Amino acid sequence: MRSVMSCFLSVSGRLSWWGRAGMLAGGISLASLGCAQAADSNSLTLQLLDRVNTLEEQTREMRGQIDQLTNQVQQQNAAMSKQIDDMNFAMQQHGHAAPAVPAPVTAAGGVTPAAAAPAPAPATAKRSLDDVLKAGNDALLQHDYATAQADAQQVLSGPKSARQIDAQYLMAQSLAGQKQYRQSALAYYDTYNRAPHGQRAPSALLGVAATLVALNDKASACQALDKLSSEFPAPAPRIKSAEQVYRKRAKCN
């Protein structure tokens, strides 16, 4: 009987010891799992912070590019506005309001002034002003507007002479042929302004009206036509005929 009780107590003690060992092992496992989860959480936090820093750097770069583009657009608009103001002032000096050429509304377009025309290719032999103008007018008739513009610019860049008025008129025509109507209107008016009573003056004012009609600025086109009729009441028949055509297109009163 005593040996049976001793065996029972021995078994009970062993079970109690294994139970405590199991609980201890379980606590260690839970602690290890908690440490692993904490490490994963720290790694994820570092990744998120790195991603946020990258996005902030990209945002700063985009803002810098937007600011740069905005400055370029503002500079282009300011340059065109100055040209328009100069033309308005010049026409006011002659007692009439200048045709209002619309200012540019975007930069995608950047407008190239007539003075910035591409330089002509060097010729093998020096040509006279008459030769250059003849070549330019021949190119104009063949719709080679870039060559006509280059020849006109060559004469305009040289010494001052009476032939520069013809070159300025050729410049206006070549720009109109390239559908650069804003620059063409300025070039036509510059032709008139160089010699308000010269042979080219009526045609130049008619060119101003034509380019303004192309720009759909009908009110300003009518002002240019009124100026033409008041300063040249008896122009050449072809000028008078073209004037009537553009008056109808602009719906002048």
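Owing to the predicted nature of the structure, the values given are computational and were not obtained by experimental measurement. The analysis underlying the following values was restricted to heavy atoms, covering all of them including side chains, and did not include hydrogens, waters or symmetry mates.
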task = Evaluate whether atom CD of Gln199 has more than 12 neighbouring non-hydrogen atoms of other residues, nucleotides or ligands under 6.0 angstrom away.
result = no

key: Contact summary for Gly158 and Gln164, nearest pair of heavy atoms   = O-NE2, 3.3 Å

inquiry  = Before you tell me yes or no, could you show the steps for Ser229 and Arg247 under side-chain contact (heavy atoms from CB on, under 4.5 Å), namely the whole-Å CA-CA distance, both residues' side-chain angles and the distance that decides it to 0.1 Å?
reply    = CA-CA 11 Å; Ser229 61; Arg247 281 190 180 277; 3.5 Å; yes

inquiry  = For a quick test of reading the model, state the closest non-hydrogen atom pair linking Ile165 to Thr191 and the distance between them.
reply    = O-CG2, 3.9 Å

query = Should Tyr188 and Gln173 count as side-chain neighbours, where that means a heavy-atom distance under 4.5 Å?
reply = yes

task = Walk me through it: do Leu225 and Leu206 pass the test side-chain contact (heavy atoms from CB on, under 4.5 Å)?
result = CA-CA 7 Å; Leu225 292 171; Leu206 185 65; 4.2 Å; yes

key: Between Gln178 and Gln183, a side-chain donor and acceptor under 3.5 Å   = no

inquiry  = Can you confirm whether Ser203 sits close enough to Arg238 that some side-chain heavy atom of one is under 4.5 Å from a side-chain heavy atom of the other?
reply    = yes

query = Can you tell if the side chain of Thr147 reaches within under 4.5 Å of the side chain of Asp138, non-hydrogen atoms only?
reply = no

ask   = Going by atom types alone, do Gln180 and Ser184 pair a side-chain donor with an acceptor below 3.5 Å?
value = no

ask   = Do Glu231 and Lys227 come within less than 4.5 Å of each other through their side chains, counting heavy atoms only?
value = yes

ask   = In terms of side-chain geometry, is the basic nitrogen of Arg127 or Asp151 positioned less than 4.0 Å from the acidic oxygen of its partner?
value = yes

ask   = Between Asp130 and Lys134, is there a side-chain N and carboxylate O pair less than 4.0 Å apart?
value = no

Among Leu215, Leu212, Val213, side chain to side chain contact (heavy atoms under 4.5 Å, CB included) partner for Tyr181 = Leu215

message = Using modelled atom types and a 3.5 Å cut-off, is there a donor and acceptor pairing between side-chain atoms of Thr211 and backbone atoms of Gly207?
response = yes

query = Taking C-beta and beyond as the side chain, do Gln168 and Tyr189 meet within less than 4.5 Å on heavy atoms?
reply = no

ask   = Is there a donor-acceptor contact under 3.5 Å from the side chain of Ser174 to the main chain of Met171?
value = yes

request  = Looking only at non-hydrogen atoms, find the nearest pair between Phe232 and Leu205 and report the distance.
outcome  = CE1-CD1, 4.0 Å

query = If you look at every heavy atom in Ala221 and Ala250, which pair is closest and at what distance?
reply = CB-CB, 4.2 Å

message = Is any side-chain heavy atom of Leu228 closer than 4.5 Å to one of Val208?
response = no

remark   = Heavy-atom nearest pair, Ser220 first then Asp217, reads OG-OD2, 3.0 Å

